[in-house]
2 protein chains.
Amino acid sequence: MSEKEPIPPKIYRRTSLKELAAHLGLSQTTVSRVVNQSPGYLRIAPDTRDRVLAAAAKLNYQANVLAQGLRSKRSQIVSVIVPEISDGYSTSVLSGIEDSLLLGGYFYFVVSHRHRPDLLRDYPSLLLSRAVEGLIAVDTSIDEELPIPVVSVSGHSRHGSIVNIELDHTLAAHQALEHLKKLGHSRIAFIKGQSFSSDTQTRWRAIIRVAGELGIEILPKLTVQLEENGIGVEPGRVATMKLLERNEPFTAIFAFNDHSAMGAIVALREAGRDVPNDVSVVGFDDIPSAATNNPGLTTVRQPLQEMGRVAASTLLQMLRSPEEHQRRSILVLPTFVERNSTALAAAVRKTRTPTLIRSGQ
Amino acid sequence: MSEKEPIPPKIYRRTSLKELAAHLGLSQTTVSRVVNQSPGYLRIAPDTRDRVLAAAAKLNYQANVLAQGLRSKRSQIVSVIVPEISDGYSTSVLSGIEDSLLLGGYFYFVVSHRHRPDLLRDYPSLLLSRAVEGLIAVDTSIDEELPIPVVSVSGHSRHGSIVNIELDHTLAAHQALEHLKKLGHSRIAFIKGQSFSSDTQTRWRAIIRVAGELGIEILPKLTVQLEENGIGVEPGRVATMKLLERNEPFTAIFAFNDHSAMGAIVALREAGRDVPNDVSVVGFDDIPSAATNNPGLTTVRQPLQEMGRVAASTLLQMLRSPEEHQRRSILVLPTFVERNSTALAAAVRKTRTPTLIRSGQ
DNA sequence: CTGAAAGCGCTTACAG
DNA sequence: CTGAAAGCGCTTACAG
């Protein structure tokens, strides 16, 4: 007895509805109605209600959600499919998704497909056999019609009933290109996204349109695309090396995302070019490491967490009232974040006073 | 008809066991035995087996896992609880967990407690009412006895039957401190972890022990602790500012983790100190951004993904054979990663030839 | 070698 | 105002 008293184990013995009903001398039906406040709840005698509630609290009754799901056809589970879970983009979205789902009493399975065709093909049925009620696809295009509601974050699905949560890419392109234009850049290089990324096409079209409006030329020789292979900043580094080999002068790069912007900075540094003094670099997304990068990344922020929250609450809404007319797409707005990876173009710098140079964030 | 043909929707109409049995003129029992290869499978007539398998494939039978779980008391779901999902540490572990679980046919719920006491208190019962079979706690200490197997990653739980997956902190401390010692650092500052992090204590004790062995002094004036509030690199930046205010000279910092090491670098830069020429900084974890940080972070790598894989396969093992004696803890080994945030101490540099200076990674 | 029956823990028409 | 009964889609003793 000289040892520390063991903490008395919390009672995790689960009471079933049957036991609770027996304990109260009531039918399961009545008990079920009370604890779930189901239709008919109001017609139950107030003191019966109180007795049930008291006993449920005392015996720590918690419904078996599996059984509820089987019977009522609502598993209270949805699934989120992402390209790769250990990636800043997906997890910011997941964080927002979790916020909304928790409020709605839903749990979620995460699966990552890693661009593997077998997983992309098999996951939908695997998830359906788990009775998930809905699916959120993050940066993943779903090209089959599923028997459950699907919300896509940056997925650009044009299929059936899928609701897309998407960024206003036109505004995003405008913010980035106008920023570079103001700084005096006219020879701007572009790093396009990997072909597997569902944002690649949409964003590129917006860039072309906006560049036209702003009178910015897009030169094929200053355009490279990220390769499918490679992780982290590597694809951006490789793409930028390719760009440098072409010997076509440029003073700025607009990268597809922050990862590739960081890779671009690495490649430029290796080639002896200073960022931002020789070359300005603009990223996209504003993942957490964009701020701590050196130099801090000027970037177009996607409200990833908010996109997750909106995706989840939209999905819950669809589950609650399937019949209601649902918008096909919901637009969210980017925010432009100026840090230290962009500066006045060298040509312009000479003609202006140093105080005009942004001091950064 | 001039539009593109719509893709014929894949058949997602789910066949039930009952339907399949009726279609075959067999009992559910037999069909169940075949599709699950359950005990008794071998006693079934080979051609019955073939007929069942053929029909199951043709009608695309997939069991309803919810119903299976309810009946067999195996939901095939486990849960992972993490402090925060949008954090490089947790997601690397999750990535490994997913690898192992997928192979075992399990899916998982992720929940993040964000150090909120209410969530930490309520999640266990919420998960139990979801019938999860087991729990993996990442960097979270579980101090109640749960009725299901629990594996803890860096949780250091000394409770009941919990299996801990932990890093060899002594080796880790040895790698980092010997590295700094070799570079000629003797005045080393230490950033301790937040009090809520379960690794803080263990790692600090290991550091004290190893420092003693290596003859490295730990000065209270050169020791600071991360504050609980603040996200990303901010706590590390704040701690380092506090350190600098003390006006006690130091030439190196051993930080609790990579985030705080990055924050330290920011604070040092703001104070006009160059990393690594004035101060060397060593991080811990090797999260993805450690490599892309500028300067690249010298750090102690935790094999996070492996830890996740080991945690999940250990849990599955416990679910399969609960009676088997299970080790109380499983040790994994750190790898020391030299990058560019550490260099020879200034005092030493003068006395050696420049070629001795590491060229970095 | 195969099947009838019970039951996992719930919800929900239906009835009174 | 309350309950008996059926049934969600499975698995598993038990029986033959």
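Note on naming: letters A, B, ... go to the chains in the order of the sequence lines (proteins, then strands), and numbering restarts at 1 for each one. What's counted below: heavy atoms across the whole structure, side chains too, no hydrogens, waters or symmetry copies.
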**Student:** Salt bridge or not for A:D122 and A:R116, using N-O below 4.0 Å?
**Tutor:** no
**Student:** Show the nearest heavy-atom pair for residues A:I162 and A:I142, with the distance to one decimal.
**Tutor:** CD1-O, 3.9 Å
**Student:** Has the side chain of A:T314 got a donor or acceptor atom that lies under 3.5 Å from a matching backbone atom of A:V310?
**Tutor:** yes
**Student:** Under a 4.5 Å cut-off applied to non-hydrogen side-chain atoms, are A:V78 and A:L315 in contact?
**Tutor:** yes
**Student:** Does B:S38 reach a base, just sugar-phosphate, or nothing at all? Heavy atoms under 4.0 Å.
**Tutor:** nothing
**Student:** In whole Å, what is the span from the CZ atom of B:R74 to the C1' atom of D:dT12?
**Tutor:** 15 Å
**Student:** Would you mind telling me which residue lines up with the more 5' stretch of DNA chain C, A:S32 or B:G25, judged by nearest nucleotide?
**Tutor:** B:G25
**Student:** Restricting both atoms to N or O, compile the protein contacts to nucleotides 7-9 of chain D shorter than 3.5 Å, with distance only.
**Tutor:**
| residue | atom | partner | partner atom | Å |
| --- | --- | --- | --- | --- |
| D:dG7 | N2 | A:R71 | NH1 | 3.3 |
| D:dG7 | N3 | A:R71 | NH1 | 3.4 |
| D:dC8 | O3' | A:K73 | NZ | 2.7 |
| D:dC8 | O2 | A:R71 | N | 3.4 |
| D:dG9 | OP1 | A:K73 | NZ | 2.7 |
| D:dG9 | N2 | B:A67 | O | 3.4 |

**Student:** Between C:dT2 atom C1' and B:Y41 atom OH, what is the distance in whole Å?
**Tutor:** 16 Å
**Student:** What is the distance, rounded to the nearest whole Å, between atom CG of B:L42 and atom P of C:dT2?
**Tutor:** 13 Å
**Student:** Map B:Q62 and B:R33 onto DNA chain D by nearest heavy atom, then report which one ends up closer to the 5' terminus.
**Tutor:** B:Q62
**Student:** Specify the separation, in whole Å, of atom CD1 of A:I44 and atom C1' of D:dG3.
**Tutor:** 11 Å
**Student:** Quick one: B:R130 CZ to C:dC10 P, roughly how many Å, whole number?
**Tutor:** 13 Å
**Student:** Are A:F109 and B:Y108 close enough that their ring centres sit under 6.0 Å apart?
**Tutor:** no
**Student:** What stems involve DNA chain C, if each pair must be Watson-Crick or G-U and both of its distances must be under 3.5 Å, with 3 or more such pairs in a row?
**Tutor:** C:1-3 with D:14-16, C:5-12 with D:5-12, C:14-16 with D:1-3
**Student:** Any donor and acceptor pair, going by atom type alone, linking the side chain of A:S75 with main-chain N or O of A:I77 inside 3.5 Å?
**Tutor:** yes
**Student:** Keeping A:S72 on the side-chain end and A:Q68 on the backbone end, is there a donor-acceptor pair under 3.5 Å?
**Tutor:** yes
**Student:** Using a strict threshold of under 4.0 Å (side-chain N to carboxylate O), is an ion pair present between B:R114 and B:D87?
**Tutor:** no
